[in-house]
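Below is one structure, written out as structure tokens, with a few remarks after it.
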Amino acid sequence: MIKVGDTLPAATLMEFSEVEGNGCSIGPNPVDVTKAAAGKTVALFALPGAYTPTCSAKHVPGYVEKFDELKAAGVDEIWCVSVNDAFVMGAWARDQKTGTKVRMLADGSADFTKATGLTLDLSARGMGLRSNRYSMLVKDGKVASLNVEGPGKFEVSDAGTLLAQAKG
């Protein structure tokens with residue numbers, strides 16, 4: 001499992017763009033994790049799935065609400081990673097009103113999730129291989145803090161915890 005001090009795995013996530021700009025076409029666009037994190041402080045959080053109850057009611061809204069405070073604490077970008085496709089993540093971004101505050105990044109084949117070692121097997125519940133719920137503060141591509149939730153929990157990966165770590 002990835003740990004503090006490790007470099008984020010080299011992987012490509014997908015991001016759905018509704019508006020053409022900044023070199024991004026409309027539709028899914030690749031995001032090279034290594035390049036996207038270089039020289040930035042990123043508040044990254046991952047969760048089991050789009051539209052799932054805790055993720056939609058608490059996890060994503062918390063980061064949207066704490067956007068200004070996270071920026072003031074030195075965070076350049078907020079990333080939400082989930083093992084879903086880019087179209088689902090794009091629709092969920094609209095539903096959650098993330099706008100330009102949270103980058104909703106799809107890990108459709110779970111390549112990034114597998115490389116971090118933070119997988120969650122929900123096959124018994126008909127959901128297949130997913131991401132564990134966690135958050136991490138990433139500085140220039142290296143993990144500065146990591147908060148992994150226990151099974152069924154939502155206690156340490158919230159925006160408030162990561163904000164305190166960003167301030168620290």
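Since we're looking at a predicted model, the values are computed, not measured.
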Is there a path of hydrophobic side-chain contacts, each under 4.5 Å between heavy atoms, that joins V156 and L47?
no
Closest heavy-atom contact between G49 and R130?
CA-NH1, 3.6 Å
Would you please name every residue forming a salt bridge (Lys or Arg N to Asp or Glu O under 4.0 Å) with K71, sequence neighbours left out?
none
Considering non-hydrogen atoms only, spot the tightest contact between E15 and L105 and give its length.
CB-CD2, 3.7 Å
Close side-chain approach of R94 and F16, heavy atoms under 4.5 Å:
yes
From L118 CG over to L146 CG, what is the distance, rounded to the nearest 0.5 angstrom?
6.0 Å
dist F67:CZ -> L163:CG (nearest 0.5 Å) comes out at 13.0 Å
Does any pair with a residue in residues 132-168 pass ring pair (Phe, Tyr, Trp, His ring centres under 6.0 Å), and if so which ones, sequence neighbours excluded?
H59-F154
In sequence, state the C-alpha distance, the side-chain angles, and the governing distance for R103 and L13, and then conclude on side-chain contact (heavy atoms from CB on, under 4.5 Å).
CA-CA 11 Å; R103 294 184 75 177; L13 299 170; over 6 Å; no
Common cluster, M136/V148, ILVMFWY with side-chain heavy-atom separation under 4.5 Å
yes
Honestly curious: do M1 and V81 fall in one hydrophobic cluster under the side-chain, below-4.5 Å linking rule?
yes
With rounding to the nearest 0.5 angstrom, report the CG to CD1 distance, L8 to I2.
5.5 Å
Inter-residue atom distance D121.CG - M127.CE, 0.5 Å rounding
11.0 Å
Starting from V60, can I reach Y51 by hopping between I/L/V/M/F/W/Y residues whose side chains sit under 4.5 Å apart?
yes
From L129 atom CG to L122 atom CG, the distance as rounded to the nearest 0.5 Å:
8.5 Å
Run the side-chain contact (heavy atoms from CB on, under 4.5 Å) test on F45 and N147 for me, step by step, so that the C-alpha distance in whole Å, both residues' side-chain angles and the decisive distance to 0.1 Å come before the verdict.
CA-CA 9 Å; F45 67 104; N147 312 294; over 6 Å; no
Checking K3 now: which residues fulfil salt bridge (Lys or Arg N to Asp or Glu O under 4.0 Å) with it, not counting sequence neighbours?
D6
W92-S56 side chain donor-acceptor pair, cut-off 3.5 Å
yes
For K66, check salt bridge (Lys or Arg N to Asp or Glu O under 4.0 Å) against everything at least two apart and list the hits.
E69
Closest heavy-atom pair and its distance - K142, G5
CD-O, 4.0 Å
One pair to check against side-chain contact (heavy atoms from CB on, under 4.5 Å): L70 and I78. What are the steps and the verdict?
CA-CA 9 Å; L70 284 159; I78 303 170; 3.6 Å; yes
Among pairs that include at least one residue of residues 108-118, which meet side chain to side chain donor-acceptor pair (under 3.5 Å), considering only residues two or more places apart or in two chains?
D107-T113
Do T161 and S135 have side chains that approach each other closer than 4.5 Å (heavy atoms only, starting at C-beta)?
no
Rounded at 0.5 Å granularity, tell me how far CD in E149 sits from OG in S157.
3.5 Å
In terms of heavy-atom contacts, P61 and C55 come closest through CD-O, 3.8 Å
Scan the side chains in residues 33-44 for donor-acceptor partners under 3.5 Å anywhere in the protein, sequence neighbours excluded, and list what turns up.
| unit_1 | atom_1 | unit_2 | atom_2 | d |
| --- | --- | --- | --- | --- |
| K40 | NZ | A36 | O | 3.1 |
| K40 | NZ | E77 | OE2 | 3.0 |

Hydrophobic cluster identity match, L162 and V75, side-chain contacts under 4.5 Å
yes
Which heavy atom of C80 sits nearest to which heavy atom of M89, and what is that distance?
O-CE, 3.8 Å
Which atom pair, heavy atoms only, marks the closest approach of V102 to W79?
CG1-C, 4.5 Å
